[in-house]
Amino acid sequence: MLLTNRLKLAVANVLKNNYQFEINPDEILISDTKPEFEGDYTLVTFPFSKPLSKKPDDLGQEIGALLTEQNSWITSFNVIKGFLNLVIAEETFVHFLASSSAREIAQMEGRTEKIMIEYSSPNTNKPLHFGHLRNIFLGAAVSNLYKKCGFDVIKANLINDRGIHICKSMIAWMKFGNGATPQSTGVKGDHLVGDYYVLYNDTFKKEVEAMVTQGIEKEVAEKTAPILLEAQQLLRKWEAQDEETIKLWKQMNDWVYAGFDVSYQRLGVSFDKYYYESNTYLLGKSIIEQGLLSGVLFKKEDGSVWVDLTADGLDEKLLLRGDGTSVYITQDIGTADLKYQDFQMNQSVYVIGDEQNYHMQVLKLIMQKLHHPGADGIHHLSYGMVELPSGKMKSREGTVVDADDMMDEMKQMAQKNTEELGKIEGFTEDELQELYQTLGMGALKFYLLRVDPKKKMIFNPKESIDFHGFTGPFVQYTHARICSILRKAGAIPEAPTTYVHMTKAEKKLLQLTEQYEQVLWQASLEFNPANLCNYLFNIAQHYNSFLPNHPILKAEDEAIRNFRLHLSRLVKHILADGLLALGIKAPQRM
RNA sequence: GGCCCCGUAGUUCAAUGGAUAGAACGAAAGUUUCCUAAACUUUAAAUCCAGGUUCGAUUCCUGGCGGGGCUACCA
C-alpha cells in the first residue's frame with residue numbers, strides 16, 4: 001500500500017481508538033514535509049482542533065507520540081505550529097526499493113471499466129496545425145494513462161469530412177487546380193487540399209472587395225460572392241449524391257487522409273475506431289422522434305423541434321429544423337448513440353476545445369433528459385486554445401503554425417543542439433536521425449502537455465521551444481545519464497535489504513519514487529497529464545542534484561554502491577515509463 | 001445585453017483551504033584532473049483592486065477593473 005495511505009489509516013486509527021473520533025481516512029490531509037523542516041510527511045492537525053477541543057500543537061504532540069508508539073515504521077516526529085512532521089523509517093524505503101526492483105514498476109491494480117476517448121477529430125479541408133497538436137497529445141496521453149490504470153480504452157477519431165468547408169477547397173480546386181494531385185505536384189495531400197482552401201478564401205476576399213468598389217454593401221457581398229454561391233451549390237449537389245461531386249469529394253478526402261496518416265505516424269499516435277460525419281450526420285433524428293413522444297422535447301408551430309433547457313440555466317435549443325433537416329447537435333446526439341451501441345462504454349470522453357463548452361454541456365443534458373444509457377458517462381475534456389503572442393491562430397489569415405513544419409523545426413533544433421554539444425560520436429547516421437526525432441518530439445509533446453489542459457496557453461514561435469529546464473529533453477537527458485551509469489556498472493547484485501546511512505537526498509528520491517503510482521492515478525482521474533510532467537521533471541531534477549555529491553561507481557563501499565545503483569535504476573524505470581505514458585520516447589544515449 | 005472561463009516574478013508555468021507562494025526561461029555570480037556541463041550551486045524578482053467567510057485564502061463568496069470564449073433553423 002502507498003505510504004500516504006498507510007499514514008492516513010494510522011492517523012484514523014489513532015483518532016478512533018484514542019479520541020473516539022471517527023473519520024474517513026481519505027479526508028485526512030497528509031503532505032510532503034517542506035524541505036526546511038525535519039521529516040518526510042506532515043499531518044495538518046488544525047482540522048481536528050475544534051472537534052476534539054484541543055490546541056493544534058498539543059494534538060500534534062499527542063498524535064505524534066501515539067503514531068510512533070504504534071507504528072514501528074514511523075521513527076520520530078516534531079511539531080511546529082500545529083504541523084506534525086513525521087519521520088519514516090529508512091527500512092520502509094529500502095523494502096520498497098527491493099520490492100520495486102523485483103516486480104518492475106507500476107503494475108497497476110486492474111480496473112474493468114471501458115472508456116472511449118475521442119480526440120484529434122480534424123476537418124478534411126486543411127492540414128493539422130499547432131492547436132490540433134495539443135488536442136492530439138492530450139488525447140493520446142490520457143488514453144495511455146487510462147490504459148496504465150487498467151481501463152479498457154478505445155481511441156476514437158471523428159472525422160469531419162463533409163460540409164461547406166470541404167466544398168470550398170473543392171470548388172477552388174475545380175476552378176484553379178488544372179487537375180493537380182499530390183503525385184503531380186509532390187505536395188502532401190492534406191497540404192494540397194489546404195492550399196486550395198486558402199486559395200478559396202483569397203478569391204472570396206478579392207470578389208468581395210471588387211463588389212464593394214462597385215457599390216454593393218459589404219454584408220451583402222459577403223453573402224453573395226460568386227465563389228461562395230458556387231461552393232454552396234456544390235454542397236447541395238453533394239447532398240443530392242451527385243456522382244461527379246461525390247467522386248471528387250472522395251478523391252480529395254483520400255488525399256487528406258494519406259497526408260494525415262503520415263502526420264499521425266510521425267506524431268506516434270493511433271486510433272482504434274474512426275467515425276465519419278458523412279456517415280453520422282443524418283443520425284439522431286429517430287432519437288429525437290422518441291424524445292418528442294416521451295414529451296421531453298417539443299415542436300413549434302413551424303414544425304421545428306426544440307428542447308427547453310431554461311430550468312438548467314440555459315436556453316431553448318433547436319434540434320431539428322422546420323423542414324425536418326438536421327443541425328449540428330442532431331448529428332452529435334446520433335453519433336453519441338452510435339458510439340454507445342458499438343462499445344457500451346462506461347465513460348465517453350470528448351477532447352474538444354473550450355470554445356465548445358456550451359455545446360458539450362447541451363449535448364450531455366439532452367442525452368440525460370432522454371435517459372440515454374450513455375448519457376452520464378459523457379465527459380468533455382475541455383482544453384484552452386493555443387494562442388500566438390499576436391492572438392488566436394486563424395487558418396484563413398494564414399497565421400497558423402503548421403504541425404508538419406513544427407515537427408521539422410523541432411527535429412532540426414535537436415540536431416543543431418546535439419551537434420553543437422559534440423554529442424554525435426558513436427552513433428550511426430540512422431541512429432542520429434532517430435535521436436533527433438525522439439528529442440524534437442519529446443520537446444514538443446512535453447511543451448504542450450506540461451500546462452493544465454483547462455488553461456489556454458501562449459506559444460511564441462520566435463522564442464520557440466527550449467531543450468533546457470522544465471522540458472522533455474531535460475527528463476530524457478536524465479534518463480540517458482542513468483543509462484550510461486548502469487552500462488558502466490555492469491551486472492548488478494540483488495537489491496539491498498538494509499542501508500544504514502541514507503542521505504537526505506537519497507531518502508527524498510525514494511520517497512518520490514514511491515509516489516509514482518499515485519501520480520498516475522491522479523493524472524488519469526483528473527484528465528491532466530501536466531501532473532505527470534511536473535512529477536517527472538521534479539524527480540529528474542532531484543536526481544540530477546543528487547548525482548554530483550553521491551558517487552555511485554566510486555562509492556565508499558559495496559553496499560552504498562549497490563543501493564545507489566538500484567535507486568538509480570528505479571528512477572530510470574520511472575522516467576522511461578512516465579515519458580512513455582506521455583507518448584515520449586526515452587533514449588539510452590543522447 | 002445574458003451565460004461561462006481566466007488574471008501569480010520581466011516571460012512561460014506550479015501550488016487537493018495549510019508552514020516563509022514553488023519551478024523554468026531570461027538577468028547576475030560560481031562549479032568540469034570526478035559516473036554525460038542538454039547538468040549542478042548561489043543571488044535578485046510575483047498572488048489585478050476592495051470587501052467578506054475561516055484558526056488559516058493564490059484557492060471559497062460578493063463587488064469592481066482587465067483579457068478571452070459562447071450566445072445562428074452555420075458546422
Side-chain angles (χ1 to χ4, degrees), chain A residues 26-27 29 31 33-37 42 44-47 49-50 55-56 80-83 85 123 160 162-166 277 281 300 302-306 313-315 317-323 325-329 331-332 353-359 361 382 384-385 387 389 391-392 414 417-418 420-421 423 439 443 447 450-452 454-460 463 466-471 473-474 476-478 480-489 522 526 530-531 533-534 537-538 540-541 543-555 561 564-565 568 589-590:
Chain A
D26 290 337
E27 288 170 28
L29 184 70
S31 50
T33 303
K34 295 214 163 199
E36 56 266 40
F37 300 106
T42 296
V44 182
T45 61
F46 290 97
S49 173
K50 201 176 257 180
K55 287 182 188 164
I80 298 169
K81 293 201 294 183
F83 293 88
N85 301 320
N123 288 359
N160 189 2
R162 62 164 286 281
I164 192 70
H165 57 271
I166 181 68
E277 290 205 358
Y281 83 108
K300 289 197 176 174
D302 61 1
S304 58
V305 178
W306 297 72
L314 304 177
D315 299 325
K317 184 84 186 170
L318 176 91
L319 301 184
L320 271 183
R321 293 193 187 100
D323 61 8
T325 54
S326 302
V327 292
Y328 189 42
I329 193 106
Q331 161 188 311
D332 280 347
D354 62 9
E355 57 200 353
Q356 295 201 37
N357 283 355
Y358 176 73
H359 178 79
Q361 198 184 347
S382 167
M385 296 286 105
E387 294 180 9
K392 229 180 150 176
N417 282 350
T418 308
E420 277 175 4
L421 290 166
K423 297 201 175 194
L439 295 179
Y447 182 85
R450 69 183 205 186
V451 180
D452 184 337
K454 284 195 296 290
K455 301 199 173 174
K456 72 178 177 196
M457 58 183 295
I458 295 169
F459 169 60
N460 189 338
E463 288 172 12
D466 209 343
F467 283 60
H468 304 270
F470 186 19
T471 66
F474 177 92
Q476 290 173 316
Y477 173 72
T478 310
R481 281 182 99 173
I482 301 176
C483 286
S484 170
I485 291 169
L486 293 174
R487 267 197 304 274
K488 288 181 179 160
Q522 197 188 343
E526 291 178 5
N531 283 335
C533 291
N534 277 305
F537 175 65
N538 190 240
Q541 205 177 30
Y543 188 84
N544 277 324
S545 111
F546 147 93
L547 212 42
N549 43 27
H550 289 76
I552 298 173
L553 299 178
K554 292 176 185 165
R561 175 188 142 105
R564 288 179 184 164
L565 279 172
S568 298
R589 293 185 295 156
M590 63 183 274

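Values reported hereafter were calculated over all heavy atoms of this structure, with side chains retained and with hydrogens, waters and symmetry mates removed. Chain naming here is simple, since letters A, B, ... match the order of the sequence lines and numbering starts at 1 in each.
- Relative to the six-membered ring of W306(A), K300(A) meets both conditions, a distance below 6.0 Å and an angle of at most 45° to the axis.
- Across G2(B) and G51(B), the matching P atoms stand 26 Å from one another, rounded to whole Å.
- Remark: R450(A) is not positioned above the aromatic ring of F537(A), lacking an NZ or CZ atom under 6.0 angstrom from the ring centre and at most 45 degrees off the axis.
- Nearest heavy atoms, S568(A) versus I482(A): O-CG2, 3.3 Å.
- The closest side-chain donor-acceptor pair between T33(A) and T42(A) falls under 3.5 angstrom.
- Under the side-chain contact (heavy atoms from CB on, under 4.5 Å) criterion, L421(A) pairs with K423(A), sequence neighbours left out.
- Counting only distance, with no hydrogens or angles, the side chain of R321(A) and the backbone of V327(A) share no donor-acceptor pair below 3.5 Å.
- Nearest nucleotide to the side chain of D452(A), out of A75(B), A14(B), A19(B): A14(B).
- You'll find the ring centres of F83(A) and F46(A) inside the 6.0 Å limit.
- Between N357(A) and S382(A), the side chains place a donor N or O and an acceptor N or O closer than 3.5 Å (distance only, hydrogens not considered).
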Check your understanding: Reading nucleotides 36-42 of chain B from the 5' end, what letters show protein touch, with B for base, S for backbone sugar-phosphate only, - for no heavy atom under 4.0 Å?
Key -> BSBSSS-
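- The two residues P473(A) and A443(A) make their nearest non-hydrogen contact at CD-CA, 3.6 Å.
- F459(A) has its ring centre less than 6.0 Å from the ring centre of Y447(A).
- Closest to the side chain of D466(A), from the set C6(B), C25(B), U71(B), is C25(B).
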Side-chain donor-acceptor pairs under 3.5 Å in residues 544-555 of chain A, sequence neighbours left out?
| unit_1 | atom_1 | unit_2 | atom_2 | d |
| --- | --- | --- | --- | --- |
| N544(A) | OD1 | R481(A) | NH1 | 3.0 |
| N544(A) | ND2 | T478(A) | OG1 | 3.0 |
| N544(A) | ND2 | A540(A) | O | 3.4 |
| H550(A) | ND1 | F546(A) | O | 2.8 |
| H550(A) | NE2 | T503(A) | OG1 | 2.7 |

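- Using C1' as the reference atom, U32(B) and A27(B) are 24 Å apart when rounded to the nearest Å.
- With rounding to whole Å, D332(A) atom CG is found 11 Å from A75(B) atom P.
- In RNA chain B, the stems built from three or more successive Watson-Crick or G-U pairs (distances below 3.5 Å) are B:1-7 with B:65-71, B:10-13 with B:22-25, B:27-31 with B:39-43, B:48-52 with B:60-64.
- Looking at which nucleotide of RNA chain B each of K300(A) and M457(A) is closest to, the 5′-most match is held by M457(A).
- Nucleotides G67(B) and G30(B), compared at atom C1', are 41 Å apart to the nearest Å.
- Each of U71(B), A75(B), G18(B) was ranked by its minimum atom distance to the side chain of Y328(A); first place goes to A75(B).
- Side-chain atoms of F537(A) lie closest to A23(B) of the nucleotides G69(B), A19(B), A23(B).
- For the C1' atoms, the distance linking U59(B) with G18(B) amounts to 11 Å, nearest Å.
- Nucleotides A39(B) and G52(B) have their P atoms positioned 47 Å apart, rounded to a whole Å.
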Look for any protein N or O under 3.5 Å of an N or O in nucleotides 52-61 of chain B and output each such pair with its distance, or none.
| unit_1 | atom_1 | unit_2 | atom_2 | d |
| --- | --- | --- | --- | --- |
| C55(B) | OP1 | K50(A) | NZ | 3.3 |

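- A distance-only check finds no donor-acceptor pair linking the side chain of D315(A) to the backbone of K317(A) [under 3.5 Å].
- Remark: K34(A) is not in phosphate contact with A21(B), judged by side-chain N or O atoms under 4.0 Å from OP1 or OP2.
- Using atom C1' as the reference point in both C6(B) and C48(B), the two lie 12 Å apart (nearest Å).
- Minimum heavy-atom separation, T325(A) to L320(A): O-CD2, 3.5 Å.
- For the P atom pair drawn from A46(B) and A38(B), the interatomic distance equals 32 Å after rounding to whole Å.
- Phosphate proximity of C74(B) to R321(A): present, with a side-chain N or O under 4.0 Å from OP1 or OP2.
- Residue F37(A) and nucleotide A19(B) are classified as a stacked aromatic pair, their ring centres being separated by less than 5.5 Å at an interplanar angle below 30°.
- Nucleotides U62(B) and U71(B), compared at atom P, are 25 Å apart to the nearest Å.
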Find every protein N or O atom lying less than 3.5 Å from an N or O atom of nucleotides 44-47 of chain B, and list the pairs.
none

